[in-house]
Amino acid sequence: QVQLVESGGGLVQPGGSLRLSCAASGSIRSIVAMDWHRQAPGKQRELVATITTSGTNTNYADSVKGRFTISRTGAKNTVYLQMNSLKPEDTAVYYCTARTYDVENGFMSSWGQGTQVTVSS
C-alpha cells in the first residue's frame with residue numbers, strides 16, 4: 001500500500017556527511033511512523049532512527065545518537081536522515097520503512113529498496 005524509494009547514499013570519507021531521503025507514495029495517509037534501518041556486511045540489521053507522524057517523537061540507536069537526525073516534511077511524503085561525522089562502521093545498506101495502520105489491514109510495515117552508504121578513505 002505504501003511504496004518507498006530511498007536515495008542519497010554514496011561514498012564519503014570518514015567525518016563527512018550524507019543526507020538520505022525516502023519518498024513515500026501510495027496510502028500515505030495511513031503512515032503513523034517512519035524508520036531507518038541499516039544492514040552492514042556481516043552484521044545484524046539495526047534500527048537506526050524512528051520518527052512518529054507528529055515529528056516530535058524521535059528515537060536513535062546509541063551508535064548514531066548525536067550524529068544522525070531524522071526528520072520528515074509537513075506533507076509526510078518524505079523522510080530524511082541527516083548523517084554527520086560519518087564513521088567507517090556506518091557503512092551499510094540503509095532502508096526506509098513506513099509503519100502504517102488502517103482498519104482493514106491493521107498495522108503493517110513497508111520497506112524501500114535500500115541505498116548504499118560507504119564510509120571509507
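By the 4.5 Å heavy-atom criterion applied to side chains, Q113 and V5 are counted as neighbours. The shortest distance between side-chain heavy atoms of Y94 and L81 falls below 4.5 Å. You'll find the side chain of T50 stays beyond 4.5 Å of the side chain of I70, heavy atoms only.
For E6 against C96, the heavy-atom pair with the smallest separation is OE2-N, 2.6 Å. Shortest non-hydrogen contact noted between T58 and I51 is CG2-CG1, 3.7 Å. Between L20 and M83 the shortest heavy-atom distance is CG-CE, 3.7 Å.
Residue pairs that meet the salt bridge (Lys or Arg N to Asp or Glu O under 4.0 Å) test with at least one member in residues 97-110, sequence neighbours left out, are D35-R99. Counting only residues at least two apart or in different chains, side-chain hydrogen bond (donor to acceptor under 3.5 Å, both in side chains) contacts with residues 14-24 comprise S17-N84. Applying the salt bridge (Lys or Arg N to Asp or Glu O under 4.0 Å) test to every pair with at least one member in residues 61-70, sequence neighbours left out, gives these pairs: D62-K65, R67-D90.
Connection of M34 to L18 is established within a shared hydrophobic cluster, with ILVMFWY side chains joined at heavy-atom distances below 4.5 Å, either directly or through further cluster members. Y80 and V48 fall into different hydrophobic clusters, where Ile, Leu, Val, Met, Phe, Trp and Tyr are joined by side-chain heavy atoms under 4.5 Å apart, directly or via other members.
In this view, V2 and L4, A24, S27, S30, I31, A98, T100, S110 satisfy the side-chain contact (heavy atoms from CB on, under 4.5 Å) rule, not counting sequence neighbours. Residues satisfying the salt bridge (Lys or Arg N to Asp or Glu O under 4.0 Å) test with E89, not counting sequence neighbours, are none. Every residue two or more places apart in sequence or in another chain that forms a side-chain contact (heavy atoms from CB on, under 4.5 Å) with T69 is listed here: Y60, Q82. T118 pairs by the side-chain contact (heavy atoms from CB on, under 4.5 Å) definition with L11, T91, Q116, S120, not counting sequence neighbours.
Taking a 4.5 Å side-chain heavy-atom cut-off between Ile, Leu, Val, Met, Phe, Trp and Tyr, the cluster of W111 extends to V93, Y95. The hydrophobic cluster containing F107 also includes V32, Y101, under a criterion of side-chain heavy atoms closer than 4.5 Å among ILVMFWY residues, counted directly or through chains of members.
Rounding to the nearest 0.5 Å gives a distance of 9.0 Å between OG1 of T97 and CH2 of W36.
The backbone N or O of R38 lies less than 3.5 Å from no partner atom in the side chain of E46, so there is not a single donor-acceptor pair.
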